[in-house]
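To keep things clear, I will list the structure first and then write my remarks on it.
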Amino acid sequence: MADFDDDPLARAIARPPAPSAPPRYLEGLNPAQREAVEAVDGPVLVLAGAGTGKTRVLTTRLAHILATKRAWPGQILCVTFTNKAAREMKERIGHLIGGVVEGMQWLGTFHAIGAKILRRHAELVGLKSNFTILDDDDQERLLKQVIQAANIDDKRWTARHLRALIDRWKNRAQAPSEVPAGESHAFANGKGAEMYAAYQERLKALNAVDFGDLLVLTIQIFKAAPDILADYRRRFVYLLVDEYQDTNVAQYLWLKLLAGERHNICCVGDDDQSIYGWRGAEVDNILRFEKDFPGARIIRLEQNYRSTPHILGAASGLIAANEARLGKTLFTKRGEGEKVTLSGFWDGEEEARSIADDIEAAQRAGEGLSDMAILVRASFQMREFEERFLNLGIPYRVIGGPRFYERQEIRDALAYFRLIVQGDDDLAFERIVNKPKRGIGDVAQQAIHKAARAAGVSLLRASFALIETDEMAAKARSGLRRLVESFARWRANLETQSHTELAAIVLEESGLIEQLQNDRSPEAAGRLENLKELVRSMEEFENLPGFLEHVSLVMAVEQNETDDKVTLMTLHGAKGLEFDRVFLPGWEEGLFPHQRALDESGLAGLEEERRLAYVGITRAKRLAHISYATNRRTHGLWQTAIPSRFVEEIPDAHVERRETDLGAAQTYDGGRWATGMYESSYSSPGWRRAQANAASGRAVNRAPLIEVSAELIATNDPSATLVQRGERVFHDKFGYGRVAQVDGNKLVVDFETSGEKRVIAQFVKRT
DNA sequence: ACCCCCCGAATTTTT
DNA sequence: TTCGGGGGGT
């Protein structure tokens with residue numbers, strides 16, 4: 001409550017304004033922001049450019065709805081993508097509505113809210129309300145079983161591949177029966193949909209769901225039970241959606257169902273910051289908003305409070321090259337500032353060295369390390385910087401490494417907990433049945449599986465029966481008996497014992513702790529520490545199921561980072577953040593824009609990469625430094641690259657070019673960059689191995705030749721396309737194939753080895 | 001049950 | 001190059 005004193009919004013709400021004066025919380029908003037706050041009824045799309053005060057608008061809008069008594073906190077549905085965003089909103093709202101309400105019950109991520117709804121109506125889709133939410137590791141292991149059960153070669157058709165397909169279908173809310181035949185064909189000669197169906201069956205049997213199901217199944221429920229849907233529609237008087245440009249089809253359908261006739265929906269987003277197309281986000285959702293919600297108001301927030309004019313100018317100039325956008329013009333009242341710098345380096349090492357030097361110089365000049373960030377396209381780029389930082393002793397932090405709950409020892413512990421809460425969780429059982437070793441090898445595990453299948457029960461249940469028979473070797477049987485009896489005991493204590501106590505006992509009695517104590521490897525101590533941390537982190541939860549729900553939905557553990565360190569992260573990870581000084585290394589063709597984005601998604605892929613560049617530049621408050629290296633080692637081979645086309649797209653007025661003379665490896669002929677690749681003469685072990693491979697006649701795993709031209713992708717001129725339908729072509733990556741379709745410079749080619757792919761015409765050669 | 005070697009893959013990542 | 005998974009040998 002003390003916070004009320006520091007928070008003008010909270011104060012304003014606690015003390016209602018005089019009738020005539022506008023409420024205090026509207027003070028200090030610019031006209032567009034104020035409009036977005038006050039337009040509470042009917043559909044509204046707030047196009048919030050980078051740094052335009054989006055979060056402030058969102059929270060103030062909520063405050064406004066509450067202060068004007070249009071709805072109670074529990075009648076507002078407010079969805080975000082990440083837990084971080086949800087947490088931030090909750091904190092700010094918490095101040096506003098104080099101790100009156102615990103918090104907003106329906107403020108959370110799509111998945112958390114989906115899970116909440118699904119648990120209430122689980123029986124309608126054949127689940128129990130204590131269902132497990134699988135992470136992608138479990139998901140993949142389960143898929144592998146499904147693939148093997150169908151006698152499909154799981155080398156040729158990997159679980160990973162199938163998972164990607166199923167994710168895609170679920171992102172579009174497609175049930176197995178709705179999978180387009182062509183896409184089903186993408187797996188094991190048409191078995192895709194069949195595998196998907198089998199997987200869903202297995203999930204049901206395990207009383208488990210995956211992330212996609214949290215939305216797909218709730219949509220199913222809404223459609224099958226109109227009374228339930230009507231209930232939620234009545235409850236949710238106002239809907240608020242953050243980062244709307246990141247929604248996928250399933251999320252869109254889910255929102256549309258919940259918005260109902262009333263359409264009091266407000267979506268906030270920025271089409272120019274849509275960078276998650278590859279995981280199903282549909283920019284179209286935001287581009288199409290007016291059609292979806294007739295009479296929608298579109299409000300643009302264009303005044304930027306973050307960056308200098310040069311930074312905004314650079315970013316705006318770049319993003320203007322995109323076709324598919326609603327269009328905004330950011331402006332600022334801040335003073336000039338410095339131009340964005342552009343530097344070229346001989347290789348990645350030199351680039352890292354120079355950036356590290358700049359960081360040290362800036363630090364000496366009084367800048368804080370935590371005000372600086374290096375934003376890379378791909379995480380392998382981080383290594384060079386880490387090495388350099390370690391060398392120089394510059395403190396740094398990497399954001400986005402392997403996360404706490406993904407560590408092996410944590411997963412093992414969690415599998416024990418899951419099995420206590422939900423005995424049907426066979427995946428958890430398989431994980432820990434012989435971990436730590438208790439003599440239950442392959443043979444014994446096969447026997448358990450067989451018994452479970454025969455009786456149609458879970459592995460744990462089957463094990464209970466099995467230890468009473470003599471179908472298993474004595475050693476395995478006694479090991480299994482001890483395990484199974486432990487579970488019986490733990491489960492019996494679930495209700496009576498505190499969950500942290502229980503957890504500590506489980507870790508001890510299972511032997512996990514002992515195993516690590518006996519482990520002499522250097523990592524063991526850290527792992528023990530992690531387990532302790534795990535138990536500690538359970539304290540803030542009410543019970544074990546509550547904790548597990550948190551774990552499956554929030555894969556990260558909170559870390560309070562107040563130390564003065566340079567931040568190293570990917571561009572994707574940087575969205576929503578800001579730094580005083582930002583370094584953007586690796587702006588090279590093939591790396592950024594990434595070759596795969598171009599190969600797989602053509603123009604759309606290029607535009608998404610460009611948005612990523614835009615996100616990168618707009619993270620900077622005061623200084624942005626772009627750089628590229630002419631030579632870079634990837635997968636053990638040296639490759640030569642040319643500067644990213646994005647470099648050229650930034651208006652000269654906003655850039656200071658510091659490129660030195662390193663043009664030797666590049667040529668520029670009339671709008672077309674040519675690149676080559678050469679192998680180094682390094683006498684590294686890998687190089688020797690490659691030579692040996694070549695000598696022995698084996699194919700060398702060599703990266704595809706990068707050949708890009710600066711203008712080609714943007715063209716829509718059909719005459720630019722040299723190949724015709726039906727022609728036989730060669731592609732560096734996919735090999736030989738026949739052109740099935742020509743669309744401007746985009747082709748659909750039916751490749752002999754890899755099937756139909758969409759490729760850019762300029763990447764294929766006629767044969 | 002464990003170890004070693006070979007092979008393949010190596011953008012981005014939340015939930 | 002580096003990592004992890006799987007197969008095969010001990």
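Chain letters run A, B, ... following the sequence lines, proteins first and then strands; every chain starts at 1.
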Is there a side-chain polar atom (N or O) of A/Asn248 under 4.0 Å from OP1 or OP2 of B/dT14? no
Starting the side chain at C-beta, find the nucleotide from B/dT11, B/dT15, C/dT2 nearest to A/Arg383. C/dT2
Has A/Glu386 got more than 12 heavy atoms of other residues, nucleotides or ligands less than 6.0 Å from its CD? yes
For A/Leu571 and A/Asp442, find the nucleotide of DNA chain B closest to each by heavy atoms; which residue's nucleotide sits nearer the 5' end? A/Asp442
Between C/dT1, B/dT15, B/dT12, spot the one nearest the side chain of A/His635, thanks. C/dT1
In whole angstrom, give the distance that lies between atom CZ of A/Arg160 and atom P of B/dG8. 16 Å
So what does A/Phe81 touch, heavy atoms closer than 4.0 Å: a base, only the sugar-phosphate, or nothing? sugar-phosphate
Strictly below 4.0 Å: does A/Thr634 bring a side-chain N or O up to OP1 or OP2 of B/dA10? no
Between B/dT15, B/dA1, B/dA10, which nucleotide gets closest to the side-chain atoms of A/Arg596? B/dA10
Counting side-chain heavy atoms from CB outward, which of C/dT2, B/dT15, B/dT12 is closest to A/Thr570? B/dT12
All side chain to side chain contact (heavy atoms under 4.5 Å, CB included) counterparts of A/Ala115, not counting sequence neighbours: A/Ile133, A/Leu214, A/Glu549, A/Leu553
Students often get this wrong, so: under 4.0 angstrom with heavy atoms, is A/Asn83 touching a base, only sugar-phosphate, or nothing? sugar-phosphate
Run through A/Glu351, A/Gln639, A/Glu349 and flag the one making a side chain to side chain donor-acceptor pair (under 3.5 Å) with A/Arg632. A/Glu351
According to a strict under-4.0 Å criterion, is A/Ser379 in side-chain N/O contact with OP1 or OP2 of B/dT12? yes
Start at the 5' end of DNA chain B and walk down; is the nucleotide closest to A/Ile440 or to A/Leu612 reached first? A/Ile440
In whole Å, what is the span from the CZ atom of A/Phe110 to the P atom of B/dT15? 13 Å
Rounding to a whole Å, what distance do you find between A/Glu384:CD and C/dT1:C1'? 13 Å
Distance, rounded to the nearest Å, where A/Asp246 contributes CG and B/dT14 contributes C1': 10 Å
When you check the phosphate oxygens OP1 and OP2 of C/dG7, does a side-chain N or O of A/Lys155 lie under 4.0 Å from one of them? yes
Closest nucleotide among B/dT12, B/dT15, B/dT11 to the A/His594 side chain: B/dT11
Who are the side chain to side chain contact (heavy atoms under 4.5 Å, CB included) partners of A/Arg325, not counting sequence neighbours? A/Asp271, A/Asp272, A/Ile319, A/Asn322
Shortest side-chain distance from A/Thr82, nucleotide among B/dT14, B/dA9, B/dT11: B/dT14
Roughly how many Å is it from CZ in A/Phe380 to C1' in B/dT11, rounded to a whole number? 9 Å
Which one, B/dT15, B/dC2, B/dT13, comes nearest to the side chain of A/Lys437? B/dC2
Shortest non-hydrogen contact from A/Ser537 toward A/Tyr405: OG-OH, 4.0 Å
Using whole Å, what does the distance between atom P of nucleotide B/dT14 and atom CD1 of A/Ile133 come to? 17 Å
Per the side chain to side chain donor-acceptor pair (under 3.5 Å) rule, which among A/Asn171, A/Asp167, A/Asn285 passes with A/Asn248? A/Asn171
Hey, is A/Trp278 stacking on B/dT12? Ring centres under 5.5 Å, planes under 30°. yes
Could you state the CE-C1' distance from A/Met569 to B/dT11, rounded to the nearest angstrom? 17 Å
Nearest-Å distance for atom pair CZ/P, residues A/Phe404 and B/dT15: 16 Å
If you look at every strand shown and take non-hydrogen atoms under 4.0 Å, does A/Asn434 touch a base, only sugar-phosphate, or nothing? sugar-phosphate
